[in-house]
Asker: 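Please find one structure pasted underneath; my questions will follow.
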Amino acid sequence: MKSIMSRRRVVAGLALATIVPLVSACLIASTHEARPSDDDQSLNLFSLKGISGAFRAFWDIVGPGGKLHPAYFLEHKGHLLIEGALILVIVYLVLQHSFKVRRHAQEPLTEKEIDQLCKEWSPEPLVPSTAGVPEPPEPHVITGLDGPYVYLKGRKEKVINAASSNYLNMANNKENKIESIETVNTYGVGSCGPRGFYGTIDKHLDLEKELAEFYGTEAAIIYSYDVATIASIIPAFANRKDIMIYDEFCSYPIQAGCTISRARVATFKHNDMDDLIRVIEKFEAEDKAKRKPLCRKLIVVEGIYANYGDMAPLKSIWEIKNKYKYRLMVDESHAFGVLGATGRGACEHFGLKSGQVEIIAASMSHAMGSVGGFCVGDRDIVEHQRLSGSGYCFSASLPPYLAVAGSYMLRLLRPDKGGNSPGKELMSLLQKKIRSLRDQLKGIPGLKLFGGAALPSPVIHMHLAKSSGNTVEDQETLYHIADHMLVNGGVLVLVSQYSKLDIRRPPPSLLIYANVALGEKEILTVVGALRKAVKDVIKA
Amino acid sequence: MSSGDTIAPPFFSILSALFILSAASIFGKIRDVMYFLLHPFKTKGKTGYAPIRDPTEDFYMRRMYGRIVDCWNRPICSAPTAWVNVMKRERVRDTTGVDTAHIVPTGGHTRCLNLSSYNYLGFAAFDPYCTPRAVAAIEDLGISNCSPRVHAGTTSVHVELEELVARFLGVEDAITYGMGFATNSSTIPALVSKGCLVISDALNHSSIVTGVRASGAKVKVFRHNDADHLEKLLKLAIAEGQPRSHRPWKKILVIVEGVYSMEGETCRLKEIVEVAKKYRAYTYLDEAHSVGALGPTGRGCCEHWGVDPRDVDIMMGTFTKSFGSCGGYIAGKREVIEYLRRHSPAHLYACSMAPGCAEQVISALHVMMGMDGTDRGKQKIDQLHDNANYVRSRLLTMGLDVLGSWDSPVMPIMTYNAAKMVAFSRLTLARKLAMVIVGFPATPVLLTRTRICISAAHTREDLDWAIEQMEEVVDLCMLRYRTKALYQLVESELKDHIKRHFGPELAKRATIKALAAGELDLRRSKRLDHQLELDQSAKAVHGSNGVGVGGNGHQQQQEQQQQSTSSKPKRAAANSKAQLEGKGPAASPRNGDTHRKPLASMQAHAKAFVRPGVVVSK
């Protein structure tokens with residue numbers, strides 16, 4: 001539109017600049033009567049005489065002394081005309097200043113071209129084709145429970161379940177079930193609303209209070225799903241200006257939380273404190289150079305890494321974070337109810353007191369035997385999440401019976417005056433099982449136990465000792481081992497699977513969860529089945 | 001055109017609202033200054049650490065939100081059904097003087113009418129069919145699986161649930177998750193990534209925004225419910241390609257919601273799907289509030305508008321609302337679901353849905369599909385629509401500015417002024433009504449509102465009582481704005497709605513006033529239509545030509561087949577019982593509802609039963 005306008009202006013200017021002087025010249029000439037000449041001659045331009053006559057007549061006007069001779073013309077107000085023309089040219093040039101030659105590509109597309117482009121566009125399919133990609137095995141369908149055993153669809157005999165992170169067997173606890181069922185009968189199943197809009201049920205408040213008491217913090221907040229917990233907490237505490245540093249072995253929810261927060265994100269090498277310091281100092285130098293104002297800085301680690309089963313050296317991380325004034329967030333999902341004298345997790349295990357770690361978050365779906373997640377900390381930290389944690393504000397709250405199940409577990413863990421509790425016994429029993437399992441799994445040829453036998457972690461990852469170098473192939477081998485264990489040994493274990501969204505997918509591993517319900521006999525069966533399966537599969 | 005476009009706060013409301021806001025902020029500032037003068041050397045938080053909240057947010061939280069904190073997060077101590085026990089609370093004086101937002105329960109509770117829970121079909125409380133089955137699932141399969149779906153988290157109820165959801169929605173396959181929010185926030189990143197474009201409705205839910213953010217795809221926002229604007233954006237996006245590089249987009253995903261939770265409006269699905277199909281963009285329909293609540297059999301937005309569910313690429317929904325449980329689903333083509341089973345983070349890493357919750361959804365679906373052997377599901381949906389339309393018309397005739405579509409159980413009442421909104425919330429609670437208010441930042445500053453959610457569990461007496469209570473509060477708060485344009489728009493929408501669902505005859509005399517006064521009883525009129533159809537079908541069977549209203553012979557035959565299927569003795573008995581109680585028959589086909597065709601199996605079944613000369617029983 002703009003280019004058309006300027007082009008019009010240019011044409012008009014040019015026309016003015018040429019026509020105006022010509023017309024005025026003619027007018028001036030006509031005011032001064034031409035000298036009378038021979039009419040017949042002037043008309044006849046075909047004869048030589050006629051032409052010369054015309055030329056003479058012309059010269060009479062234009063030549064020296066003529067009315068249109070430049071000198072005469074200029075003296076008799078003709079200069080005004082020339083000056084006017086010059087002004088017009090100047091005006092034209094000034095106008096021309098706004099006119100730029102536009103490249104053709106930047107001209108807007110016509111309707112027709114747009115339609116053509118729309119017709120030509122061929123989108124990718126909604127999901128990539130799965131043809132050719134080896135299919136992961138169908139998950140086994142559980143149809144019933146019996147202590148450490150489960151019944152699977154299509155199998156008559158029960159099998160040992162070493163695939164659930166139900167560490168303290170809370171999900172199948174009889175008393176716990178009775179309490180949950182009572183809650184369902186009075187409160188129904190769902191809460192039918194977000195926490196803000198009449199979705200807060202007294203059971204939620206009870207659980208939050210008990211969690212805060214248990215951890216000795218000012219407040220606690222519960223979320224209704226485990227993957228949404230950390231993925232909501234991190235964005236609540238960071239935006240573009242802030243800094244997030246996390247361990248490269250951290251699981252997907254932490255990665256997703258950092259992506260959503262859009263903060264300045266960096267990872268450090270797994271459990272490498274020197275690398276952590278290097279990353280921190282890099283940020284410090286950058287901020288100092290650019291004179292950036294103080295921003296929120298957060299280090300995120302997991303108490304027990306879900307994807308590897310080892311622990312973060314929290315004591316040294318805590319010292320570093322204190323030195324550089326970072327806040328520390330620990331994901332205690334697998335450590336809560338497993339580590340520490342009273343079951344508070346890895347922080348307690350490393351001797352950190354409540355309040356020393358700013359944000360502690362954990363899933364309720366492991367040792368707690370429920371569903372959901374929680375976060376404990378100062379009132380500032382917790383209350384901030386109540387308005388800024390998107391998974392808290394915008395999602396329906398936890399079904400009340402699942403909150404009751406959480407409260408039950410906390411009640412078991414609560415120490416009496418002597419410092420003992422039923423939960424403590426359970427935890428020491430679990431530790432015994434972990435030690436026994438890890439000890440026996442260590443020596444299996446063909447597989448490598450990650451983290452070693454001494455680790456008090458119930459998440460046991462077994463990698464292939466000799467990797468073929470191809471992830472898919474390794475995974476296939478492990479699937480065969482797991483299958484063999486199920487079919488011949490009656491043991492349900494699983495092979496880790498990772499989404500393509502996971503930034504750094506760990507190597508495939510056989511995943512075994514220790515569980516307090518597993519007796520010595522079952523542990524022997526698990527190890528025996530694995531030994532036999534590895535022998536058969538890797539040889540074959 | 002949506003009702004959101006026609007609302008404009010009156011000039012005086014704008015003035016008063018801005019006055020209130022600035023007064024609140026000025027007083028807040030004064031209090032901050034006073035606090036500083038009284039405690040000059042006190043610093044908040046640890047030194048050397050940046051504050052958790054940024055200063056403006058912190059100010060808003062302490063000095064403005066702190067004053068009205070009692071209007072939200074009200075705890076209840078009963079099931080969230082038609083009546084709830086709202087716990088009494090008291091503000092606790094914060095000794096530091098900084099915080100005003102501390103409020104704690106004091107024990108004791110008030111029984112209030114629940115106009116706020118998303119309990120659309122009334123499955124939230126104890127249900128004679130659902131609850132025992134959920135309890136049995138907890139007994140058999142434990143409280144939780146403590147394991148993701150791909151590991152040991154798949155139980156028989158999960159498999160059954162996914163099959164049932166797919167069947168209910170009429171699509172190939174479905175996958176379920178333990179939380180509705182996570183369903184969106186983890187599925188969208190699995191579907192789109194960098195180089196893809198998401199075109200999202202302006203009023204989409206936070207979970208969708210989170211999901212898109214996590215995906216890394218580019219986002220464009222189209223005007224709420226405006227298919228023309230969507231088309232314009234799509235055209236331009238395809239023609240221009242990606243910003244700067246101008247490469248063509250890998251794929252374009254259009255995300256809309258079935259019922260918008262803060263507007264109560266149903267999505268104009270038909271137009272949007274048409275546009276998306278024309279430009280080969282994929283559609284993602286979030287049915288969090290519409291599944292179970294919209295459509296004659298509760299199958300959601302697709303059924304409401306007569307759109308084939310297979311035309312929508314991704315159907316998402318939650319079990320939190322209508323089904324009284326928790327969790328969400330994604331349904332669609334088998335290959336899409338298979339892909340999500342491999343790559344969706346919530347499927348791979350999150351603990352699976354608790355078996356009790358899954359069983360609750362299964363049983364709720366059984367009820368809705370009539371698989372429990374009763375027509376309770378149909379009754380619930382009819383009751384919900386009837387309640388919703390009744391309350392909506394009553395509120396509109398009261399002169400309130402009510403947004404939303406007919407049949408939608410969500411209805412926001414505009415207050416336009418934060419102070420009025422808060423006063424409304426407190427006054428209604430004092431009159432034993434539990435209602436939700438929504439203000440900044442969830443809505444624009446001047447478009448504050450209170451929201452009613454209707455349930456099938458409400459009786460007509462409950463609702464009449466609630467409206468009576470509200471009438472007083474509305475006068476006290478001066479909420480009768482009587483925006484004419486809005487009223488006219490809603491009335492034309494009513495005519496349109498009735499035309500689509502009950503036929504043009506009834507639409508002619510459909511006005512909001514008539515609906516509110518009970519002259520236009522949609523249930524009763526349904527019953528009349530039902531009678532008429534019965535007479536006609538009887539005549540058709542006898543060989544005489546169909547006389548009077550009604551469509552062609554083929555349509556009549558279909559109707560007659562529908563009749564015969566619903567004429568099982570049990571159903572008939574239930575109907576007559578309902579009639580005795582003064583309620584209309586629960587199951588009656590709607591006239592002129594062309595998109596509801598009986599299933600093939602039903603047709604075959606019907607053919608076997610309908611013989612010439614047999615008058616279909618009433």
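Convention: sequence-line order gives letters A, B, ...; per-chain numbering from 1.
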Asker: For the pair A:Arg386 and A:Glu208, find out whether any cationic side-chain nitrogen is under 4.0 Å from an anionic carboxylate oxygen.
Answerer: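 Salt bridge flag = yes for A:Glu208 with A:Arg386.
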Asker: Pair B:Tyr177, B:Ser344 - check side chain to side chain donor-acceptor pair (under 3.5 Å), show working.
Answerer: CA-CA 10 Å; B:Tyr177 303 99; B:Ser344 170; 2.9 Å; yes
Asker: Looking at A:Lys203, A:Arg262, A:Arg195, which has the largest count of heavy-atom pairs under 4.5 Å with chain B?
Answerer: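 Between A:Lys203, A:Arg262, A:Arg195, the count favours A:Arg262.
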Asker: Check this for me: does any side-chain nitrogen of one of B:Lys250 and A:Glu124 sit under 4.0 Å from a carboxylate oxygen of the other?
Answerer: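 Judged by the 4.0 Å cut-off on N to carboxylate O distance, B:Lys250 and A:Glu124 do not form a salt bridge.
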Asker: Step by step, work out the side-chain contact (heavy atoms from CB on, under 4.5 Å) result for B:Phe126 and A:Asn185.
Answerer: CA-CA 6 Å; B:Phe126 182 88; A:Asn185 281 333; 3.7 Å; yes
Asker: With only heavy atoms counted, which part of A:Asp115 is less than 4.5 Å from chain B, the side chain, the backbone, both or neither?
Answerer: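 Just its side chain gets close to chain B.
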Asker: Is chain B contacted by the side chain of A:Leu109, its backbone, both, or neither, given a heavy-atom distance below 4.5 Å?
Answerer: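 For A:Leu109, side-chain heavy atoms alone lie under 4.5 Å from chain B.
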Asker: Name the region of A:Gln255, side chain, backbone, both or neither, that has any atom closer than 4.5 Å to a heavy atom of chain B.
Answerer: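 Interface part for A:Gln255: neither.
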Asker: Chain B heavy atoms under 4.5 Å from A:Glu111: which part of the residue, side chain, backbone, both or neither?
Answerer: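 Just the side chain, heavy atoms under 4.5 Å.
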Asker: Top residue by heavy-atom pair count (under 4.5 Å) with chain B, among A:Ser180, A:Ala256, A:Gly391, A:Ser251?
Answerer: A:Gly391
Asker: Where on A:Tyr401 is there a heavy atom nearer than 4.5 Å to chain B: the side chain, the backbone, both, or neither?
Answerer: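 The side chain, not the backbone.
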Asker: Can you confirm if the aromatic rings of A:Trp121 and B:Tyr279 lie within a centre distance of less than 6.0 Å?
Answerer: no
Asker: Under 4.5 Å from any heavy atom of chain B, what part of A:Leu152 do you find: side chain, backbone, both or neither?
Answerer: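 A:Leu152 has no heavy atom closer than 4.5 Å to chain B.
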Asker: Is a side-chain donor or acceptor of B:Lys251 paired with a backbone partner of A:Leu126 at a separation under 3.5 angstrom?
Answerer: yes
Asker: Do A:His366 and A:Tyr513 have their ring centres less than 6.0 Å from each other?
Answerer: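 Ring centres of A:Tyr513 and A:His366 not closer than 6.0 Å.
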Asker: A:Leu117 versus chain B, heavy atoms under 4.5 Å apart: side chain, backbone, both or neither?
Answerer: both
Asker: Identify which part of A:Leu145 has an atom lying under 4.5 Å from any heavy atom of chain B, answering side chain, backbone, both or neither.
Answerer: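 Both backbone and side chain.
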Asker: Could you tell me which portion of A:Cys295 (side chain, backbone, both or neither) has an atom closer than 4.5 angstrom to a non-hydrogen atom of chain B?
Answerer: backbone
Asker: Relative to chain B, which segment of A:Ser191 carries a heavy atom at a distance below 4.5 Å: side chain, backbone, both, or neither?
Answerer: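 Contact with chain B: backbone only.
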Asker: Which atoms of A:Asp242 come close to chain B, meaning under 4.5 Å heavy atom to heavy atom: side chain ones, backbone ones, both, or neither?
Answerer: neither
